Amino acid sequence: MHVELFEIAHRFRGPPKSGHGGYVCGRIAKHLQGTVAVRLKAPPPLNTELRLESTNEDARLFQDTTLVGEAKRTHLELQVPPRPSYEETEQAAERFVGFKTHPFPGCFGCGPERKPFDGLRIFPGSVDGSSMIAARWDPDATLAGDSGNVKSEFLWSALDCTGGFAVFPLPDGVAIVLGELCASIVGEVTPGERCVVIGWPLGAEGRKRLAGSAVYSTNGKLIAKARAVWIEVPLSTWN
């Protein structure tokens with residue numbers, strides 16, 4: 001078993017006092033190969049020592065004895081829509097609903113309050129004539145690992161919020177938080193690439209809302225895809 005200790009820095013928050021769901025899922029899945037499903041069991045705390053225990057097949061993240069999240073290798077059957085054109089993507093981003101009202105405006109993935117080289121600044125809006133949403137993503141050098149490529153946890157981060165906005169709108173007083181993210185990373189991205197991120201709804205089950213998301217590289221290659229389960233919660237819980 002591999003054991004790693006780390007903290008979630010304040011930079012990587014989603015809600016104001018909790019780790020960004022996609023980022024945390026990516027950290028939990030870090031040492032697992034292939035497609036991985038991660039389920040979050042508790043709000044990931046910021047600036048607190050966490051313990052990641054992983055084998056070749058699964059992983060679990062703890063705060064002391066509290067299970068924060070768990071992951072396992074799996075399979076993902078998901079039909080990914082074609083990438084929209086850059087013109088369609090630029091037009092879609094202008095319709096990002098988070099510019100008018102956002103439950104977590106400081107979110108690492110999609111918060112409009114975040115500055116370049118701080119947040120990912122992925123602002124997905126609706127693509128004309130479809131249920132898809134899309135955004136441009138320009139990953140910066142702060143997201144790169146030793147290989148020079150963008151770290152996998154930031155690909156997980158990009159997949160997160162884009163799927164969430166695909167299941168909007170929400171009733172007044174309601175927010176959604178990531179319950180489970182199943183992702184398959186099939187390629188790599190380097191800082192400075194002009195990527196396209198898309199999301200689309202997959203249905204609803206009670207308080208659960210389901211969505212797909214994907215990341216495309218500059219040359220149109222599919223880099224990552226995911227299926228997310230979002231849970232409706234009172235907005236007051238997170239503010």
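Since we're looking at a predicted model, the values are computed, not measured.
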Would you say L178 and C25 make side-chain contact, with heavy atoms under 4.5 Å?
yes
Judged by atom type as modelled, is there a donor-acceptor pair below 3.5 Å linking the side chain of S54 to the main-chain atoms of A59?
no
Please confirm whether R83 makes a cation-pi placement over Y86, using NZ or CZ under 6.0 Å from the six-membered ring centre and within 45° of the ring normal.
yes
Mind checking what makes salt bridge (Lys or Arg N to Asp or Glu O under 4.0 Å) contact with E88, not counting sequence neighbours?
none
CG of L120 to CG of D140: how many Å apart, nearest 0.5 Å?
8.0 Å
Transitively linked via ILVMFWY side-chain contacts under 4.5 Å: I133 with L210?
no
Main chain of R194, side chain of T218: is a donor-acceptor contact present, judged purely on distance under 3.5 Å?
yes
May I ask you to check whether T66 and Q63 show a side-chain donor-acceptor distance below 3.5 Å?
no
Hydrophobic cluster identity match, L76 and V229, side-chain contacts under 4.5 Å:
yes
Heavy-atom nearest pair, A92 first then V127, reads CB-CG2, 4.1 Å
Can you tell me if R121 uses its side chain to pair, donor with acceptor, with the backbone of R114 under 3.5 Å?
yes
Indicate the atoms forming the closest heavy-atom contact of L202 with G212, along with that distance.
CD1-N, 3.5 Å
Considering only distance and modelled atom types, tabulate donor-acceptor pairs under 3.5 Å from the side chains of residues 3-15, sequence neighbours left out.
unit_1: E4; atom_1: OE1; unit_2: H31; atom_2: NE2; d: 3.0
unit_1: E4; atom_1: OE2; unit_2: R27; atom_2: NH2; d: 3.1
unit_1: H10; atom_1: ND1; unit_2: R13; atom_2: NH1; d: 3.3
unit_1: R11; atom_1: NE; unit_2: D118; atom_2: O; d: 2.7
unit_1: R11; atom_1: NH2; unit_2: D118; atom_2: O; d: 3.0
unit_1: R11; atom_1: NH2; unit_2: T142; atom_2: OG1; d: 2.9
unit_1: R13; atom_1: NH1; unit_2: H10; atom_2: O; d: 2.9

A224 to I185 - nearest heavy-atom pair and separation:
CB-CD1, 3.5 Å
Do the side chain of R95 and the main chain of G125 share a donor and acceptor less than 3.5 angstrom apart?
no
Return the minimal non-hydrogen interatomic distance between K151 and A144, and the atom names on each side.
CE-O, 3.7 Å
Should V80 and L159 be regarded as members of a common hydrophobic cluster, given that ILVMFWY residues are connected when their side-chain heavy atoms come within less than 4.5 Å of each other, either directly or indirectly?
no
Once you round to the nearest 0.5 Å, how far does CD1 of I223 lie from NZ of K221?
5.5 Å
How far does CG of L32 sit from OG1 of T74, to the nearest 0.5 angstrom?
11.5 Å
E53 side, atom CD; L61 side, atom CG - distance, nearest 0.5 Å
9.5 Å
Test side chain to side chain contact (heavy atoms under 4.5 Å, CB included) applied to Y216 and V189, step by step
CA-CA 9 Å; Y216 284 96; V189 170; over 6 Å; no
Any E94 side-chain heavy atom under 4.5 Å of E90 side chain
no
Is any side-chain heavy atom of V196 less than 4.5 Å from a side-chain heavy atom of P84?
yes
V215 versus A158, closest heavy-atom pair with distance
CG2-CB, 4.1 Å
Would you say that N56 contacts Q33 through its side chain, given a criterion of any heavy-atom pair below 4.5 Å between the two side chains?
no
Measure from the side-chain N and O atoms of S157 to the backbone N and O of L155, and report whether any donor-acceptor pair falls under 3.5 Å.
no
Mind checking whether V36 and W156 have side chains closer than 4.5 Å, heavy atoms only?
yes
With a 4.5 Å cut-off on side-chain heavy atoms, are P191 and L143 touching?
no
Minimum heavy-atom separation for G199 and T162, please, with both atom names.
N-CG2, 3.5 Å
Would L170 and W230 show up in the same hydrophobic cluster when neighbours are defined by side-chain heavy atoms closer than 4.5 Å?
yes
How far does CG of N219 sit from CD of E193, to the nearest 0.5 angstrom?
7.0 Å
Distance col, row R227:CZ vs L78:CG, nearest 0.5 angstrom, shows 8.5 Å
Under the ring-ring contact (aromatic ring centres under 6.0 Å, His included) test, which residues partner F165, sequence neighbours left out?
F96, H102, F168
Mind checking whether Y23 and V150 sit in one hydrophobic cluster, side chains of I, L, V, M, F, W, Y counted as touching below 4.5 Å?
yes
Is there a side-chain contact between I231 and K208 (heavy atoms, below 4.5 Å)?
yes
Just wondering, do L40 and I28 contact through their side chains at under 4.5 Å, heavy atoms?
yes
Short N-O contact, E70 and R60, less than 4.0 angstrom
no
